[in-house]
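Read through the structure below, which is laid out as structure tokens, and then see the notes.
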Amino acid sequence: MAAAKGPVAVGSAIPSSIAPEEPKVVAPEEENGEMADIQDKEVSMEGLCSIGAYDQWTPLSVSGQLPKPRYKHGAAVVQQKMYVFGGNHNGRYLGDIQVLDFKTFSWSKLEAKSQAGPSESAGEVPFSACAGHSVIQWGNKILCLAGHTREPAESLSVKEFDPQTCTWSTLRTYGRSPSSRGGQSVTLVGETLVVFGGEGHGRSLLNDLHILDLESMTWDEFETTGTPPSPRSEHAAACFAERYLLIFGGGSHSTCFSDLHLLDTQTMEWSRPKQQGVTPEPRAGHAGVTIGEYWFITGGGNSRKGVSVTLVLNMSTYEWSVLTDLEAHAPPTSEGSSLVMYTINGENFLVSFGGYSGRYSNQAYALKASLKPSVPSQQIDEAESNGFAPLSVAENSSRKVIFEIEELKDVKPGNRADNSKTLGQVATDEQNQIEDRLNHERLQSLRLKQELADVENRNAELTEELHLVRDKLSIEQTRASQLENEVSEIQQRLQKMDILEKEFESLRSELDSTVSEEAASSGNQLHRSRSRGFWRWNG
């Protein structure tokens, strides 16, 4: 799937606290030609390229108004800019968008607007203030999923931000969406997003697995084999070789973990790879980013202390090593910081922002990585690409045919006279093949649209049935509650009757005893009376 392609947006709305304004986007071709490009490179040289030492964290000198200090925010890099979304500051959720321009090394606040859709009204908020959400770069756009909000929803929604137009939109998804959560991991694996774990309603910890197909925008919950990671949140996840999902660390309500889990997304089997090298400390709230087969981990903490070392895992050998160490309260060692990778002039830089280590941070740090991946990164050098996003595999393959046709057209006149018939036939054949492929894709797209419409109708029917069942269940619950109240009243009456019966038996016993005593007393008096009378008569 081409990276520039995206799912169909169903719309979004303007946050009530943010006034819409036109996006402030400057296209590369609108700049002052070569001179602007040279100036940008000079500015970049004064920024990241001025960092000489490898594997050492360096604070970045930036201009502009610094963002509010925060942690548990999200960050992603698109076309030489780092976009920071939301976060938490002193228990307050943030809903702003801050941008760090790597060309000018200046901060700015972005005012976004909504892209209206047919299924949303103008009053709906596309990006509410949140923390613990996940931000994923997808082509030239940014996807935002989940997160803790002041008024949590029942299910997880997928938002899309377009930096070129500064607009938010809500993407329509199909299938059963995961329940809302925060502190989960969302990992791009091929053309899918894999959601794992997090903290749901009532602070319940999760270890469920959900996969979103970015082509059909359909959610699936797969059955897995093996032993999955225990329920957790604030862990880190990474993809290796477009197939394997790795989960490291995280925490529960009582402890933090240092375990490493592996999921083969082709067999859907969990396993515990044997770790080598240094033993990582238990941690939660750490951040991670990959460069080839290397997975860099920084920050986080446990119940005893914050973790000051920056680790790197070779995902092909599962060997841990310490990259660098910092003071305990330096921002890159913080909990809930963000970590992104940026490439310029062939050098890979890690950029850390924000976090909490006893105080909230709004500082940016950079580290120039000395490790080079054995397989070159798919990301094109930002300085060489002039701000244009890299082409996807699908786009390259489709353009390859076009380039071959163009090469055929560029043959020299002498050779063209000799091979005009053959070259023309080759070009015609390839054009026919392209047309056949396009027709096939159109038919497949129509079939998929029909299937999606059928699924949507079926989903509507099932939803209506579910509402009916819920209504019936509510009625039965009300009746059951009434019956429980009646039973309770009857039990109370029976208890009172038992008490009255015991009192009656007691009174009856007392009465019988009194009657017996009175009868005995009357007999004795009669006997004495007769005796005295008899004695008197004799006297």
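Small disclaimer: the values here were computed from a predicted structure and weren't measured.
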Any donor-acceptor N/O pair, Thr463 side chain to Asn459 backbone, under 3.5 Å
yes
Should the ring pair [X] and [Y] be called parallel, tilted or perpendicular, given that the plane angle runs from 0 to 90° and is split at 30 and 60?
{"X": "His286", "Y": "Phe248", "answer": "perpendicular"}
{"X": "Tyr360", "Y": "His89", "answer": "tilted"}
{"X": "Phe296", "Y": "Tyr294", "answer": "tilted"}
{"X": "His235", "Y": "Phe196", "answer": "perpendicular"}

How about Asn362 and Gln98: do any of their side-chain heavy atoms sit closer than 4.5 Å?
no
Beyond-backbone contact of Leu313 with Phe240, side-chain heavy atoms, under 4.5 angstrom:
no
Across all chains, not counting sequence neighbours, the ring pair (Phe, Tyr, Trp, His ring centres under 6.0 Å) partners of His73 are Phe353
For the residue pair Phe161 and Phe85, is the inter-centroid distance of their aromatic rings smaller than 6.0 Å?
yes
Whether Glu234 and Lys72 form a salt bridge (side-chain N of Lys/Arg under 4.0 Å from carboxylate O of Asp/Glu) is what I want to check.
yes
Derivation of the side chain to side chain contact (heavy atoms under 4.5 Å, CB included) call for Trp107 and Met82
CA-CA 10 Å; Trp107 281 104; Met82 180 176 72; 3.9 Å; yes
Ser352 and Trp57: side chain donor to acceptor below 3.5 Å:
no
